[in-house]
Structure formats: structure tokens, C-alpha cells
There are 2 protein chains.
Amino acid sequence: MTVLIGPSLEDAKELLAAAIRDKRLALLVGSCVVNYVGRAGSVLPEGERVVMLKPDGALLVHQKKKREPVNWNPPGCEASVRLGGKGLQLISKRKRPKEQLLILFKSLELAASFELVDREELHLVGSERDLITLVSNEPSLIEPGFRPLEREKLTKYGMVDLYGVDRDGNGVAIEFKRRRAELASASQLKRYVDELSKKLGKRVRGILVAPSITSSALKLLNENQLEYVRIRKPPTYTFERVVTRERGQKGISEF
Amino acid sequence: MTVLIGPSLEDAKELLAAAIRDKRLALLVGSCVVNYVGRAGSVLPEGERVVMLKPDGALLVHQKKKREPVNWNPPGCEASVRLGGKGLQLISKRKRPKEQLLILFKSLELAASFELVDREELHLVGSERDLITLVSNEPSLIEPGFRPLEREKLTKYGMVDLYGVDRDGNGVAIEFKRRRAELASASQLKRYVDELSKKLGKRVRGILVAPSITSSALKLLNENQLEYVRIRKPPTYTFERVVTRERGQKGISEF
DNA sequence: CAATAGATGTCGTTC
DNA sequence: GAACGACGTCTATTG
């Protein structure tokens, strides 16, 4: 660990150069101008920000608000540092797509580098994948007689989360959402069902499984004879069926 | 600015408490365990990370790789700090949706807080909005005789980027993408066109405008009599038309 | 607040 | 590398 408080631009340059060379994480706090050109382009006039350069080449510029960096470059980029007449330049280049981020420091409050030791990875539960696994192992949660056949079934127009057959032998395409389903999800399901029923030459039902749904998404489902099954989030995991009636009215029946 | 190098947990707690109280940005580097519960849930065993607490309540936990924080809480959250038997606890709570992030520091290499002075905002060019403005001001870029009528036209199933009429009086719905158009964009356009033609009771053409398109997205367009117009990115801004032919063949003609 | 869609989205996975 | 979709997406905008 190296920490410089209120360093000169020269000293900060040395620290940065060493951090890049030794693949250490660098933190800079100071007044800078930021310039980006690539997929889009941006200018950020001078102000005080926090800059983080990671060993994998990721570069973040954070203002004092927001979760998102105001400017950045993703992992895999090459950083270099240069001392020019206008200040300390930190340049990060990306090959494909070609992008460049230039941070020009006018002054620095802090420059530090760290050898972060971290062999751990995040363990996350509650993703869409978990939901699909749950239903695959307990298909009756969807409806009695439902038999899953294929997970991530590839169609010409995208991948169906779960494909199977109902008790009558109809195809069933299921799209899962871990949060409230919106128009895009209903569109997505419709796209799969259209393609599958055409390809298989038989009736394919489409079911959207989500904890809740927007009214227009539900309407889109109704108008296309698609179905919605509500699943309550863990640890409850209750399933309900929203019955599609004529004229887009809806009703809920548990089973 | 306050900087503590290798501080005790007690000293770090004081610094953090003051930073929260005075709405200063805090930076912590040290060994910690991170626990999250909310929309999903996660556990991250002990390791060295960088933690950033912003004055707006945003909280970021960064590992040494990736652009994304491994855990976080968005702006608007309430942070508090506590010294327990197991270490220094930094707790961040969100009201809606209810979420909680707990960072438990075992040891610290650095604790610092800053009063960032920054009145500047990012100026970005090259977004989708810029593209729509360009075409609105120069409609012939789409085709001769195209007349834009409404931007962000609201339909029952979403907003059309640009709506207008062609030289024959047909409706024209245009969807813009600043990058390569994929299946979702084609679906989106189809959804708008289906709805608009039904509502208006007349033929409504659908045009997807993008710098490039995936083959399956183009096929979906073709199969639904939708069109694709290629636009080269700035500073070039050239338009080409990809002619939709029978049987999904494609051709390109400039004009 | 809900809904909708963009984003320099990023990231993982598969082909 | 291209395509496709999830993400604790985040963020802005509009009703």
C-alpha cells in the first residue's frame, strides 16, 4: 500500500505508473477534466472527483452523486500516464470498440495504490435462474400435468426459458421474470410462441411467470391468448393463476 | 479532507460517522464481509475491497476487477455505522424496495473523507435522442417525402420514437437504435406498428433505423413487412436503405 | 408512484 | 467474436 496526501502531480504520476506496472488498484481524488470519445463522446469540465483504476484495466470516474460512474472504461483497457503542461494525464484506451478516456488532473488531494487480496466471489440467490430451477423441479407449480422438456430452448427468434407440454399435449413456452413483468417481457413471450407454434405445427401455449405484471403487459397477453401465472417471491413461493377472460377482464383463482 | 492510514476500527468509525453527518464522500479500503438482502440476497466472504459512500447515500463495494460494484445501494439510502464485537459495521438501508446492505470490516488500510466540490455536469453527444433530432430536422434522410408529425408518440403499447407520414399518406412509425439493432428492437417496432395500424385503421409502415442489424432481427422485420434503414454513425451520418425483398433476401441501395 | 425505454449500459453464456 | 438476454440493472422522463 502506498498513500500520498496532497501529492504533487509528479509524485502522483510515479505512483500511478507503478500501480499500472504492478497491477495494483489505484485511487485518486482530485480536481480534473474528463474527456471521452468512442461509441459516444462527452466532455466533463473541471471538478473534484474520485478516480479508480483497477488491475484489470477498468477505470471509473465518480462524481459525488449517483451509483454510476460519470465516465468509465471497462475491464481490458490499457491505461497510461503522462505529465503534460496542462496537468497529469491518465489515458485509457480500448481496442474494440475503439474508445478513449482522458482524465486530466489539475491537482490532487489523494493518490494511493493497493494490493487487494481477495479470492472470494459473490454468492447470490433469488435470480431468474433460481426461479426456473424451482419450477423445473416442481412443474405442478405451473399447473397440474405440466411436463417440462427443455430449458433454454433455442428458437429462431430467441431462447425460451422453459419449454414443455401440458396434460393435453399442447406445447407450453414459459417466460420467467424475477420482478414485475412489463411490455417487453410480454412481447418476448409472444415472439417465442409465434415462432414455436409455426415451427412445430401445433398449438403452443405461452405463459409468463412473474411476481406481478403491468396492466398493459397483461392486456397484451390477453389479446394474444397468452397466460400469466403469478409467483410470490421466496421464501413464500406461492403460485396463482390469473385467468384470461373475454374482453381483457382479469380474475385471480388460486389452486 | 481527512485521511487515516491503517486506522483502528474505532478511529475509522469516527471518521465514517462524521462523513455521514456532514455529507462528505467516504473512501474505505480494507478487509470485509458483505451481506445483502432485498430484491435478491447475497453473501460475500471476507476479502479486501474498496468501499465508497457518497453524500447522496449511494454505497459501492468494489472488488479488484470489473466495472460494476460487487454490492451496492443506490442514492437515497440511509447509512449508519456501528462498532460491534465482530468488527466495524457499515449498514445501508433502503426504504422501497426494502433492502439492506451490511459491510463488516475486519481491518482497514485506509479511511478517508472528502468534501468534493463539483458543479459541473457531463455533456454527452451521440445518444439516441441526437439521432432522432437529426432525422426530425432532415426527414429526407429516411426517404424523400417523409413528413415527421410526432416525436415520442404514445400508443397503448409503448412510445414510438418518431411518427409521421410518407408521400402516399401511409403512417410511418420509426424506431431508432444508436447501436446494432437486435431482436428486441425489431419486436418493439412490430408491437408499435400492430397497435397503430389497428388504432388508426390504415396502413402504417414500420422502419427500424440503426447503424447495423443482426441477421435474425432483419429476418423478423422482413417477415413482417417492416423496413430497415442504415445510418452511419457521426460524424459521417450517411443513410442507406436495406430493401426488403421477397423470401427474406436483402439488398442495399444508397440514395 | 407506476410505467416505459435508453444506456458509452455491463456481464455471462452459447454458438 | 457475434448474438442474445438477465441484471438486486440504473437513470431519466412522463403521466
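Labels below follow one simple rule: chain letters A, B, ... track the order of the sequence lines, proteins then strands, and each chain is numbered from 1.
Side-chain contact between A/L226 and A/I207 is absent, with no heavy-atom pair separated by less than 4.5 Å. Taking 4.5 Å as the limit, every side-chain heavy atom of B/L102 sits out of range of all side-chain heavy atoms of B/V34. Residues B/I174 and B/D161 have side chains not in contact (no heavy-atom distance under 4.5 Å, counting atoms from C-beta outward).
If you take CG of B/L220 and C1' of D/dC4, they are 14 Å apart, rounded to a whole angstrom. Regarding A/R180, its CZ atom lies at a distance of 12 Å from the C1' atom of C/dT4, rounded to whole Å. Summarising the geometry, the separation between OH on B/Y157 and C1' on C/dA3 is reported as 14 Å, rounded to the nearest angstrom. Residue A/L60 contributes atom CG, which lies 16 Å from atom P of D/dC10 at whole-angstrom precision. Note: CG (A/L131) to P (D/dC7) measures 10 Å, nearest angstrom. For B/R191 and C/dT4, the CZ to P distance is 8 Å, given to the nearest whole Å. The interatomic distance linking B/I213 (CD1) with D/dC4 (P) rounds to 10 Å, in whole Å. Between the P atom of D/dC4 and the CZ atom of A/R151 lies a distance of 21 Å, rounded to the nearest Å.
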(request) With salt bridge (Lys or Arg N to Asp or Glu O under 4.0 Å) as the test, would you mind laying out the steps for B/R180 and B/E182 before giving the verdict? (result) CA-CA 6 Å; B/R180 177 170 267 244; B/E182 301 183 358; over 6 Å; no
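For the C1' atoms, the distance from C/dT14 to D/dG8 is 24 Å, rounded to whole Å. D/dG5 and C/dA7 are spaced 15 Å apart, taking the C1' atom of each and rounding to whole Å. As rounded to the nearest Å, C/dT10 and C/dG6 have C1' atoms that lie 14 Å from one another.
Within 4.0 Å of B/G38, counting heavy atoms only, lies no atom of the nucleic acid at all.
Salt bridge B/E46/A/R119: absent, no basic N to carboxylate O contact under 4.0 Å.
The side-chain hydrogen bond (donor to acceptor under 3.5 Å, both in side chains) search around B/R39 returns B/E99, not counting sequence neighbours. A/K65 pairs by the side chain to side chain contact (heavy atoms under 4.5 Å, CB included) definition with B/D56, not counting sequence neighbours.
Distances shorter than 4.0 Å separate some side-chain N or O of A/S216 from OP1 or OP2 on C/dT4. In this model, the phosphate group of D/dA3 is not approached by any side-chain N or O of B/S215 to a distance below 4.0 Å at OP1 or OP2.
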(request) Spell out protein contact along nucleotides 6-15 of chain C as letters: B when the base is contacted, S when just the sugar-phosphate is, - when no protein heavy atom is under 4.0 Å; keep the 5' to 3' order. (result) SSBSBSS---
